[in-house]
Student: 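My structure is below; once you've seen it, I'll send some questions.
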Amino acid sequence: MKNLEIKKISELLSEFPFLSAFFNDNGLEIEGKEELTLPEYFAALDEDEIEDRAIDVDNLMFQIGEFIEQMIAFLGKDEDIVKTVTILQGTDKSGNKEDFEKLEIHQGEIISIVGPTGSGKSRLLGDIEWVAQNDTPTSRKILINNDIPDKKWRFSSSDKLVAQLSQNMNFVMDLSVFEFVELHAESRLVENKEIIIKRIIDKANDLAGEKFSPDTPITSLSGGQSRALMIADTAILSKSPIILIDEIENAGIDRKRALKLLISEDKIVLMATHDPILALMGNKRIVIKNGGIHKIIETTDQEREILNELEKLDKTLSAYRTKLRSGEIIEKIS
Amino acid sequence: MNLVTVSGPPSSGKTSVILKTIDSLKKRGFKVAVAKFDCLYTDDDILYEKAGIPVKKGLSGALCPDHYFVSNVEEITKWGVDNKFDILISESAGLCNRCSPYIKGIKAVCVIDNLSGINTPKKIGPMLKSADIVVITKGDIVSQAEREVFASRVNTVNPAAAIMHINGLTGQGSFELSTLLYDESLNIETLKGKELRFPMPAALCSYCLGETRIGESYQMGNVRKMKMED
Ligand SMILES: Nc1nc2c(ncn2[C@@H]2O[C@H](COP(=O)(O)OP(=O)(O)OP(=O)(O)O)[C@@H](O)[C@H]2O)c(=O)[nH]1
Ligand SMILES: Nc1ncnc2c1ncn2[C@@H]1O[C@H](COP(=O)(O)OP(=O)(O)O)[C@@H](O)[C@H]1O
Ligand SMILES: [Mg+2]
Ligand SMILES: [Mg+2]
Ligand SMILES: [Zn+2]
Ligand SMILES: [Zn+2]
């Protein structure tokens with residue numbers, strides 16, 4: 001960024017519009033000072049101001065350069081598509097080799113992960129997120145698109161491999177549904193923001209049992225509605241190619257459609273769950289034992305039939321629940 | 001010895017992250033100790049002791065904890081060197097958004113949490129802006145969107161930092177942090193001659209020195225007045 005020091009702020013802003021967020025978030029007021037260069041701008045701040053606001057001029061010049069480079073990289077690249085993630089054999093807690101050599105997971109696949117508490121489910125997910133290169137306790141290696149992955153997956157704030165959804169998550173911001181999705185869209189610098197926001201809210205309403213409007217405060221959504229919005233937003237706006245699901249509640253949301261939405265957005269879905277309805281929706285399931293991958297089971301036709309049965313049972317159960325909630329006398333549902 | 005300074009707002013998860021990270025460091029055979037700095041009160045030393053980690057505690061009382069930290073860090077370093085620790089981690093509460101305990105050439109980690117609100121990164125000064133590693137905690141209880149927005153705000157105020165997400169309760173992510181803390185080529189014997197990354201405010205008014213009476217005639221030293229124009 002050689003020209004950083006000689007260009008006027010107005011020129012920098014028209015070349016790099018995203019810099020206005022940088023100036024704003026760093027508390028640098030530039031209004032009326034657009035015709036100065038950055039060094040002139042910093043030189044014009046008085047000493048008290050520099051001290052009061054803890055402005056570190058050298059560091060800021062460096063950070064601005066860094067920020068511009070990151071943003072150019074971020075905006076310029078065609079989203080580098082993650083088509084496959086490959087797990088290569090490591091060792092279990094006793095140091096023995098795992099019972100598989102290589103597992104290739106493809107875009108659009110749903111993989112369940114099962115095993116008792118402490119068996120190593122979180123570690124496996126951690127290995128994927130950190131794109132382990134024989135440098136974690138399991139000695140596993142992770143490949144992306146059959147290649148040694150780029151370092152950026154570890155440290156960049158905009159290129160995270162894994163996005164997460166779990167039933168412990170809540171909204172904490174004081175915003176309406178629309179404002180919330182808008183904020184996320186803006187931080188992702190998407191074009192055609194309005195269309196994307198509408199699509200997310202429509203999809204979320206599609207998944208939620210009870211509908212909600214764009215001006216509902218996010219903190220007053222029900223559990224199912226919150227989860228539906230989180231899933232729709234993550235499917236459509238999150239850049240992470242892998243979605244990690246740590247159980248999702250069974251009320252107020254259509255989980256099958258939620259998974260379909262994620263896959264239709266070309267995500268890879270990993271689920272740590274012991275709920276048979278969720279687990280059997282996967283194409284495969286990984287069985288973890290003593291820290292190692294013990295088995296990889298493809299969901300069988302018979303299991304799919306059982307899943308059908310379970311879904312029927314589940315519908316009956318929730319029909320009874322609805323009746324109970326609305327104060328009816330419970331009669332046999334056939 | 002390696003020295004690592006960890007700082008962050010109150011209750012952001014510093015102790016939780018340090019404890020989990022030390023678990024991983026110990027597994028690699030490192031001898032790790034902690035120096036905890038706070039203002040009025042802390043129980044963190046008990047938590048560290050329980051985990052079998054040697055700990056020293058300092059309370060700054062009426063002083064800014066970061067000022068107190070710099071005045072004592074040399075002694076703490078000597079304690080670490082004398083005891084032949086491989087890694088000494090300092091935990092200090094960032095109570096004063098204006099100061100930071102970071103030293104040039106010493107690894108600086110800032111811990112902040114997702115619950116603190118998306119405008120927090122803007123408000124925290126050098127403690128966040130000049131850290132090498134920013135750890136974001138409590139991602140387990142907020143939505144993916146909020147995590148992404150929060151991380152991008154952190155990135156805007158400190159684009160050069162490595163940003164890591166750690167769950168302080170389960171320790172997920174702490175192994176990864178542990179791999180970034182030890183640098184074989186570094187050996188700190190003393191901090192003499194080292195410099196702070198960012199100067200602490202010079203502010204010293206009569207109230208800093210114990211004055212309690214209100215009124216112009218009692219105000220001495222570095223006094224600044226609000227603008228009251230209408
Ligand atoms: N849900 C959740 N809670 C966390 C996480 N990290 C820390 N906590 C909780 O947050 C609270 C504060 O954590 P501490 O580790 O004591 O925070 P601290 O920054 O050391 O606090 P002080 O030293 O008192 O400033 C504790 O109750 C932790 O259990 C996290 O990632 N998720
Ligand atoms: N293959 C392995 N080798 C060594 N340690 C392991 C291995 N797999 C898991 N661990 C460790 O075992 C502990 C429990 O694993 P975790 O992933 O938290 O289990 P779960 O999520 O299934 O409850 C963690 O400390 C983890 O680092
Ligand atoms: Mg787990
Ligand atoms: Mg603490
Ligand atoms: Zn201070
Ligand atoms: Zn004072």
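Reminder, nothing fancy here: chain letters follow the sequence lines and each chain counts from 1.
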Student: Which heavy atom in A/S240 sits nearest to a heavy atom in B/Q144, and how many Å separate them?
Tutor: OG-NE2, 4.5 Å

Student: Quick check: does any side chain N or O of A/Q164 sit under 3.5 Å from a backbone N or O of B/G139, one acting as donor and the other as acceptor?
Tutor: no

Student: Which one of B/G173, B/A160, B/A162, B/S100 has the most heavy-atom pairs closer than 4.5 Å to chain A?
Tutor: B/A160

Student: Minimum heavy-atom separation for B/Q172 to A/L125, with atom names?
Tutor: NE2-C, 4.3 Å

Student: Does the pair B/H165 and A/K160 meet the rule for a side chain to side chain contact (heavy atoms under 4.5 Å, CB included), with working shown?
Tutor: CA-CA 10 Å; B/H165 298 262; A/K160 283 266 163 252; 3.5 Å; yes

Student: For the residue pair A/D25 and B/K122, what are the closest heavy atoms and their distance?
Tutor: O-CG, 2.9 Å

Student: Hey, are the side chains of A/N26 and B/K129 touching, using non-hydrogen atoms and a 4.5 Å cut-off?
Tutor: yes

Student: Is B/I133 close to chain A through its backbone or its side chain, or both, or neither, when contacts mean heavy atoms under 4.5 Å?
Tutor: neither

Student: Under a 4.5 Å heavy-atom cut-off, does chain B meet the side chain of A/M230, its backbone, both or neither?
Tutor: side chain

Student: Considering only heavy atoms from C-beta outward, does the side chain of B/M164 approach that of A/W130 to under 4.5 Å?
Tutor: yes

Student: Hey, which of A/N59, A/I218, A/V181, A/T136 has the most heavy atom pairs under 4.5 Å with chain B?
Tutor: A/T136

Student: Once rounded to the nearest 0.5 Å, what's the spacing between atom CD1 of B/I118 and atom CG of A/L175?
Tutor: 6.5 Å

Student: How many angstroms lie between CD1 in A/I231 and OG in B/S143, if you round to the nearest 0.5 Å?
Tutor: 12.0 Å

Student: If you count heavy atoms of other groups shown closer than 6.0 angstrom to CG of A/D150, is the number above 12?
Tutor: yes

Student: So which of A/I55, A/T234, A/N24, A/D56 has the largest heavy-atom pair count under 4.5 angstrom toward chain B?
Tutor: A/D56

Student: Under a 3.5 Å distance rule, please check whether A/Q70 uses its side chain to pair with a backbone N or O of B/P159 as donor and acceptor.
Tutor: yes

Student: Examine whether an atom of B/R197 lies under 4.5 Å from a heavy atom of chain A, and if so say whether it belongs to the side chain, the backbone or both; otherwise answer neither.
Tutor: backbone

Student: Going by residue number, which parts of residues 179-187 of chain B are within reach of chain A, meaning a heavy-atom gap below 4.5 Å?
Tutor: B/T179, B/L180

Student: Return yes when atom NZ of B/K107 has more than 12 non-hydrogen atoms of other residues, nucleotides or ligands closer than 6.0 Å, and no otherwise.
Tutor: yes

Student: With rounding to the nearest 0.5 Å, note down the distance linking CZ in B/F175 to CG in A/D127.
Tutor: 8.5 Å

Student: For B/N158, is it the side chain, the backbone, both or neither that has a heavy atom under 4.5 Å from a heavy atom of chain A?
Tutor: both

Student: Would you please go through residues 4-22 of chain B and name the residues with a non-hydrogen atom below 4.5 Å from one of chain A, in numerical order?
Tutor: none

Student: Taking every heavy-atom pair that is under 4.5 Å apart, which of B/R28, B/R153, B/R147 has the most such pairs with chain A?
Tutor: B/R147

Student: Do you know which of B/V154, B/I163, B/V142 has the most heavy-atom pairs with chain A at a distance under 4.5 angstrom?
Tutor: B/V142

Student: Hey, is CD on B/E74 packed in by over 12 heavy atoms from elsewhere, all under 6.0 Å?
Tutor: yes

Student: To the closest 0.5 Å, what do you measure between OG1 (B/T156) and CZ (A/F23)?
Tutor: 12.5 Å

Student: Compute whether any side-chain donor of one residue and acceptor of the other, for A/S238 and B/E148, lie under 3.5 angstrom apart.
Tutor: yes

Student: For B/A145 versus A/F180, what's the shortest heavy-atom pair and its separation?
Tutor: CB-CZ, 3.4 Å

Student: Would you mind telling me which of A/L165, A/N170, A/N168, A/L60 has the largest number of heavy-atom pairs within less than 4.5 Å of chain B?
Tutor: A/N170

Student: To the nearest 0.5 angstrom, please state how far the CG atom of B/D140 sits from the CE atom of A/M169.
Tutor: 7.0 Å

Student: Identify the two heavy atoms, one from A/V172 and one from B/E146, that lie closest to each other, and give their separation to 0.1 Å.
Tutor: N-OE2, 2.8 Å

